[in-house]
Number of protein chains: 2
Amino acid sequence: MSIDKKEHIMDVAVTLFAEKGFEGTSIRDLAHEADVNIAMINYYFGSKENLFVTLLEAKARFMREKIDAVQSDPSLSELDKINQIIDGYINRFLSQPAFHRVLQQELLVTNRELLHQSVTALFIKNTQDIVAIIEKGIRKKVFRKVDPQLLFASIIGTINQVMLSRTMCNILMNKEVDADPYKDPELKNRLTKHIKQMVQDHLLIQPVLQKQK
Amino acid sequence: MSIDKKEHIMDVAVTLFAEKGFEGTSIRDLAHEADVNIAMINYYFGSKENLFVTLLEAKARFMREKIDAVQSDPSLSELDKINQIIDGYINRFLSQPAFHRVLQQELLVTNRELLHQSVTALFIKNTQDIVAIIEKGIRKKVFRKVDPQLLFASIIGTINQVMLSRTMCNILMNKEVDADPYKDPELKNRLTKHIKQMVQDHLLIQPVLQKQK
DNA sequence: AAAATTTAATTAAACGTTTGTTTAATTCAA
DNA sequence: TTGAATTAAACAAACGTTTAATTAAATTTT
């Protein structure tokens, strides 16, 4: 039962941190929402900050594995790899909007240095790998001489922008203000289509046939 | 002297909020950093939250005026308008990275409803205007049938991504980790060039001559 | 113009809450 | 019966805000 309880606390913590931020979420809120005693959080995790780091490490592995897999697959073209990574990010971010929001917050706030650094470290490796793929495509002359780092920033940034605020996302999607856009498959479709098309238009020297009849 | 002091407090507040977030910045920190008495903040602004709203309203006018001006200029093509808006956003964001970071934080955190709503409202109008410009270009058949909302998300999102974290930006720019990338004109140049090129590749039916000799 | 009076600015101290954390006692399972 | 799980209560510290007193500036009255 203790392991279930620990994971239950982590689940609730992700949601609360996502809604209210790290500072904005009190241990008492968290304990009440998870229906456990206040002392249990420090009992399990030592401290509030350590709870956060645990959350981070537990959930951050997925995207790295995805990138590693794509990168070492020789049957994929560079554009295929980029497209699969785009799919990976969209799936990842949309399936865990709460957690993703917490990550963003920690990147924005710099006074909790440990947290900030561990989140930053996650992004560094991903950036390097994707830049390497793009640069390889450029050397092969299947890609134009684009700015690899900033193109990656555009891919991630587009998703981040949509994830920034539920309200904002609803406005972008022309939905009611109180809808839950992240569960709507339409968002995923539009987002995937838009990013892939934009990246392709920007990258490819020989534009592929556009299906616009 | 009181007006100077009020503005001085606001200046310090923007910086501190940007570094530590809204919850993470205490009135005592702020008072100490601004070298005023703790009570002066409530004396001038009523409350901490109201100080934030005041900050918002005082600084948010610029971008709206820029968009309004561009929109009503008949001598500009749709692509010109988009390009000028891109310039506007890049100038705005890069010149006030601290303030911009506070805005992002408030979009991410939803438990301070008043602040969240007032920040969201700012973005709504801007989105609508830019979408309208893109849609006009599509009707005129100078633009492809793109996703206007998500293209706007890509433009803003790219800049936001770079602004997310000083450390991350330095990595993207291949600078030392402790550099100040936002004062580096190279970032502005790269960012402007990349976004305009990407948007153009994505939007234009007849690709203009690429200067890649 | 000087003095008196009113208003605004500024201060130190205290307010009541809430914060994250700890303690010491108790319940539960092995 | 031993060790882990769980609890209520208390901890000191920090929070945003308020108060009541004091200084500075402005206004009015003499």
Side-chain angles (χ1 to χ4, degrees), chain A residues 1-57 102 105-106 109-116 118, chain B residues 1-58 102 105-106 108-116 118:
Chain A
M1 178 173 180
S2 85
I3 278 192
D4 290 351
K5 209 163 202 169
K6 201 172 170 180
E7 294 220 349
H8 175 60
I9 292 176
M10 289 170 69
D11 284 346
V12 176
V14 159
T15 312
L16 284 186
F17 284 154
E19 278 175 16
K20 309 176 162 206
F22 181 80
E23 308 267 2
T25 304
S26 71
I27 298 274
R28 282 168 182 80
D29 274 358
L30 176 51
H32 180 259
E33 208 73 29
D35 205 29
V36 298
N37 188 274
I38 315 169
M40 294 309 291
I41 281 114
N42 284 282
Y43 178 74
Y44 278 130
F45 300 96
S47 73
K48 188 188 176 188
E49 181 150 354
N50 207 56
L51 161 61
F52 195 110
V53 173
T54 309
L55 275 177
L56 211 65
E57 291 168 350
V102 182
Q105 280 176 42
E106 278 317 302
V109 175
T110 52
N111 63 333
R112 295 182 289 279
E113 276 196 42
L114 259 171
L115 299 193
H116 185 77
S118 55
Chain B
M1 181 174 178
S2 87
I3 278 191
D4 290 351
K5 210 162 203 171
K6 200 171 172 181
E7 294 220 349
H8 175 60
I9 292 175
M10 289 170 69
D11 284 347
V12 176
V14 159
T15 312
L16 284 186
F17 285 153
E19 278 174 17
K20 310 178 163 204
F22 181 79
E23 309 266 4
T25 304
S26 71
I27 297 273
R28 281 170 182 79
D29 274 359
L30 175 52
H32 180 258
E33 208 73 28
D35 204 31
V36 298
N37 189 274
I38 316 169
M40 293 310 290
I41 282 113
N42 284 282
Y43 177 76
Y44 278 130
F45 301 96
S47 73
K48 189 187 177 188
E49 182 151 354
N50 207 56
L51 161 60
F52 194 110
V53 173
T54 308
L55 275 177
L56 211 66
E57 290 168 350
V102 182
Q105 282 176 41
E106 279 314 303
L108 279 169
V109 175
T110 51
N111 64 332
R112 293 182 290 279
E113 275 196 42
L114 256 173
L115 299 194
H116 185 77
S118 54

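Chain letters run A, B, ... following the sequence lines, proteins first and then strands; every chain starts at 1. These values consider heavy atoms only, across backbone and side chains, with no hydrogens, waters or symmetry-generated copies.
Contact of the B:Gln105 side chain with the B:Phe17 side chain is not registered, since no non-hydrogen atoms from C-beta on lie closer than 4.5 Å.
Listed pair A:Lys6 / D:dA5 fails the phosphate criterion, with no side-chain N or O lying under 4.0 Å from OP1 or OP2. A sub-4.0 Å separation between OP1 or OP2 of C:dT10 and a side-chain N or O of B:Tyr43 is absent. OP1 or OP2 of D:dC15 sits under 4.0 Å from a side-chain N or O of B:Ser26.
Atoms CG and CG, on A:Leu55 and A:Asn50 in that order, are 10.0 Å from each other to the nearest 0.5 Å.
Closest contact between the side chain of A:Arg28 and the listed nucleotides D:dA5, C:dT10, D:dA10 involves D:dA10. The side chain of A:Ser47 lies closest to C:dT21 when the candidates are C:dA9, D:dC15, C:dT21.
Between A:Leu51 and A:Ala13, the closest heavy-atom pair is CD2-CB, 4.1 Å.
Taking the ring axis of A:Tyr43 as reference, the NZ or CZ atom of A:Lys6 does not stay both within 45° of it and closer than 6.0 Å to the ring centre.
Looking at residues 31-41 of chain A, you'll see A:Asn37, A:Ala39, A:Met40 sit with a heavy atom under 4.0 Å from some atom of DNA chain D.
One interatomic measurement links the two molecules: CD1 of B:Ile27 to C1' of C:dC15, which rounds to 15 Å at whole-angstrom precision.
Note on ring orientation: taking the six-membered ring where Trp is involved, the planes of A:Phe22 and A:Phe52 are perpendicular (angle over 60°, cut-offs 30° and 60°).
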